[in-house]
There are 2 protein chains.
Amino acid sequence: MGETIQSVERAAAILRLLASGPRRLGVAELARALGLPKGTLHGILRTLVHVGFVEQDEASGKYRLGATLLHLGTSYLDVNELRTRAINWADALAGRSRESAWIGTLHEGHVLVIHHVFRPDDSLQTLQVGTYLPTHASALGKVLLAHDPYGEALDRPLEPYTKHTIVDPAALEEELDLVRTRGWAGETEELTEGEVAIAAPIKDPRGLVVGAIGIRGAVERLAPGGALHMEFVSYVRDAARAITRSLEHP
Amino acid sequence: MGETIQSVERAAAILRLLASGPRRLGVAELARALGLPKGTLHGILRTLVHVGFVEQDEASGKYRLGATLLHLGTSYLDVNELRTRAINWADALAGRSRESAWIGTLHEGHVLVIHHVFRPDDSLQTLQVGTYLPTHASALGKVLLAHDPYGEALDRPLEPYTKHTIVDPAALEEELDLVRTRGWAGETEELTEGEVAIAAPIKDPRGLVVGAIGIRGAVERLAPGGALHMEFVSYVRDAARAITRSLEHP
DNA sequence: CAGAGTTGTTCGGCTATGCCGAACGATGCT
DNA sequence: AGCATCGTTCGGCATAGCCGAACAACTCTG
């Protein structure tokens, strides 16, 4: 890749910084973080406000993300081919398993959730589309890591979420081997206490893994007595195979 | 507002163009649309790819939006104060009315949906957060238009969606007057056949309308015999008032 | 209540940034 | 095969836009 445009790259860095936390940031704060003069940064911010990517708080003068970004992000979902093809199967999977269904892709070392179907008959859930899941502590992530051609994200320290999270790199590698050989991944209370998840890989026509689909629910329902109900595993694998097949026939 | 940075503005224009349709676009196509030399445009695209805002199709070489935008857009939702405060009330409204609940803001002449709670006991719905609704053909939009300090978006032609859509500017103005005097808006099959909606304004501490909340559902349930059930109207107004009050006490 | 330290914003000069147009190789369509 | 169009590269010139200092408004502190 050749040279990139300075100001655009800087603008993107500003947006990432604003997105990294719920707090609104000021010009001086951003300038310090990026090591740029205040005046320079103000110019970029001014244009970002002009195009609607950033909004300025009238009272404090500080900056936050703008509403245009929400619309652009949603547009991405329409463009994403995997999601378009997989939506119907995710609905069916949620219906059959009576659990919430999830679809994710590997993105910058995280699992990006690109679809999420609520568990039937349960309205108090928040939608997780667009959020990140950790690769080493989610079933979706394990599937994606196991089939990732470049072993990114493995050199990063394995952050513990519960006492069951796999934090030893060697143990994780072993787990990924298991995922590769049997073709699906499980995760029992490694991300959230009381919740377990199952996932299987979705492949493109060339056989490359482009995403993963799975379900997530309470341990009492999915793994009573500690062992995963294989019935749920087959639901997930069926859905994954169906989507893989539908990607072959455009 | 002073001068803005050329390349950033151009980058934003590219993103808007890519978001405007589901089709992926090529360099030449974009260059023609924006009236820029191919070489110039390629440079901006290269940086947009580098920061993850745009992805390039390996096979065709054409460009589409990138996954980073989805994550940024979702981050906007966390930042949005109105949404953060209103989520719980929207859940309650959906539960009481047993219909889907919606929250929207005025943005670039459209209603931007910033929250959406599915109708209880109905799993086959797609989430509409981040999408646009027309201002003149939705209950949310009527509320926002009626209290918009600048009467934008009214000079635009009123596109018909069903045979009940208000297309006459004078008739719309009359409707907005009604909305202002009685404090809520109705919409009966003006956007989609068989669906009606109700909405009420959410105000910030200064009394300015910053958003609207409402419900949407089948005409048989919400307006049997053609007249809106006032019970639902009071649910919506209660929710709107509750959110308005909660914005006053931070 | 004053003043020291912030904050966001403006502006003009200098230079490095990045815009442009032409040329290249690959691909697709007739 | 031929032509047209694609995405990409490159170097020279000029201008876009970076920088640093100065500004006014504001918030804490002593």
Side-chain angles (χ1 to χ4, degrees), chain A residues 1-18 21-66 79 81 205-206 250, chain B residues 1-66 79 81 205-206 250:
Chain A
M1 180 157 332
E3 279 302 299
T4 64
I5 295 178
Q6 192 185 59
S7 50
V8 174
E9 199 107 20
R10 288 173 173 178
I14 292 175
L15 292 177
R16 261 195 298 269
L17 235 57
L18 287 175
R23 228 176 75 261
R24 35 198 73 160
L25 302 174
V27 175
E29 218 165 345
L30 289 164
R32 234 176 292 120
L34 296 176
L36 292 174
K38 269 199 304 181
T40 304
L41 214 132
H42 180 76
I44 303 177
L45 270 174
R46 186 172 46 206
T47 34
L48 285 176
V49 169
H50 186 244
V51 298
F53 288 14
V54 163
E55 289 166 6
Q56 184 173 24
D57 195 87
E58 293 182 37
S60 63
K62 295 192 184 303
Y63 293 89
R64 57 173 189 269
L65 291 181
V79 177
E81 193 182 356
R206 291 171 303 178
Chain B
M1 181 157 333
E3 278 302 300
T4 65
I5 295 180
Q6 193 185 55
S7 49
V8 174
E9 200 109 18
R10 287 173 172 177
I14 292 175
L15 292 177
R16 262 194 297 268
L17 234 59
L18 287 175
S20 66
R23 228 175 75 263
R24 34 199 73 162
L25 303 174
V27 174
E29 217 164 346
L30 289 164
R32 235 177 289 119
L34 295 176
L36 292 174
K38 267 199 304 180
T40 305
L41 215 131
H42 179 76
I44 303 177
L45 269 174
R46 186 173 43 205
T47 41
L48 286 175
V49 169
H50 185 243
V51 298
F53 288 15
V54 163
E55 289 166 7
Q56 183 173 24
D57 195 87
E58 293 182 37
S60 64
K62 294 191 186 304
Y63 294 88
R64 58 170 189 271
L65 291 181
V79 177
E81 193 182 357
R206 291 171 304 180

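Below, chains carry the letters A, B, ... as their sequence lines are ordered, and counting in each starts from 1.
- Between dG25(C) and dC29(C), the two P atoms lie 23 Å apart (nearest whole Å).
- Close to dG8(C), at under 4.0 Å from its OP1 or OP2, lies no side-chain N or O of H42(A).
- Distance, D57(B) CG to dT8(D) P: 11 Å, rounded to whole Å.
- A donor N or O paired with an acceptor N or O is found under 3.5 Å between the base of dG8(C) and the side-chain atoms of K38(A).
- For residues 32-44 of chain A, no residue pair satisfies the side-chain hydrogen bond (donor to acceptor under 3.5 Å, both in side chains) rule, not counting sequence neighbours.
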Heteroatom pairs (N/O) under 3.5 angstrom, protein to nucleotides 25-29 of chain C:
none

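- The CG atom of L41(A) sits 14 Å away from the C1' atom of dG20(D) (whole-angstrom rounding).
- When side chains are defined from C-beta on, L65(B) does not count as touching F53(B), because their heavy atoms never get closer than 4.5 Å.
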Quick one: the dot-bracket string of DNA chain D, using Watson-Crick and G-U wobble pairs with both distances under 3.5 Å, [ ] for crossing pairs and | for bases paired to another strand. |.|||.|||||||||||||||||.||||.|
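- Proximity of a side-chain donor or acceptor of Q56(B) to a complementary backbone N or O of K62(B) within less than 3.5 Å is not detected.
- At whole-Å resolution of the value, CD1 in I44(B) and C1' in dA16(D) are 12 Å apart.
- Residues from residues 23-37 of chain B placing a heavy atom under 4.0 Å of any atom in DNA chain C, listed by number, are P37(B).
- Near DNA chain C, meaning a heavy atom under 4.0 Å away, the residues from residues 7-14 of chain B are S7(B), R10(B).
- Residues passing the side-chain contact (heavy atoms from CB on, under 4.5 Å) test with L41(B) are I14(B), L30(B), A31(B), L34(B), L36(B), L45(B), sequence neighbours excluded.
- Note that CD of E9(A) and NE2 of H50(B) are 5.0 Å apart. Values are rounded to the nearest 0.5 Å.
- Place T40(B) and K62(A) on DNA chain C by their nearest nucleotides, and K62(A) ends up nearer the 5' end.
- How far CD of E55(A) is from CG of L18(A): 11.0 Å, rounded to the nearest 0.5 Å.
- For Q6(A) and dA16(D), the shortest distance from a side-chain N or O to OP1 or OP2 is not below 4.0 Å.
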Let me see the working for L25(B) and Y63(B) under side chain to side chain contact (heavy atoms under 4.5 Å, CB included), right down to the final yes or no. CA-CA 5 Å; L25(B) 303 174; Y63(B) 294 88; 5.9 Å; no
Residue pair R64(A), V54(A): steps toward the side chain to side chain contact (heavy atoms under 4.5 Å, CB included) verdict: CA-CA 6 Å; R64(A) 57 173 189 269; V54(A) 163; over 6 Å; no
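- Note on residues 15-31 of chain B: pairs passing side-chain hydrogen bond (donor to acceptor under 3.5 Å, both in side chains), not counting sequence neighbours, are R23(B)-E29(B), R24(B)-D57(B).
- In terms of heavy atoms, A11(A) sits closest to L48(A) at O-CD1, 4.1 Å.
- Whole-Å rounding puts the I5(A) CD1 to dC18(D) P distance at 11 Å.
- Regarding L45(A), its CG atom lies at a distance of 15 Å from the C1' atom of dG17(D), rounded to whole Å.
- Checked against side-chain contact (heavy atoms from CB on, under 4.5 Å), I5(B) has the following partners two or more places apart in sequence or in another chain: S7(A), I44(A), T47(A), S7(B), V8(B).
- An OP1 or OP2 oxygen of dT7(C) is reached within less than 4.0 angstrom by no side-chain nitrogen or oxygen of Y63(A).
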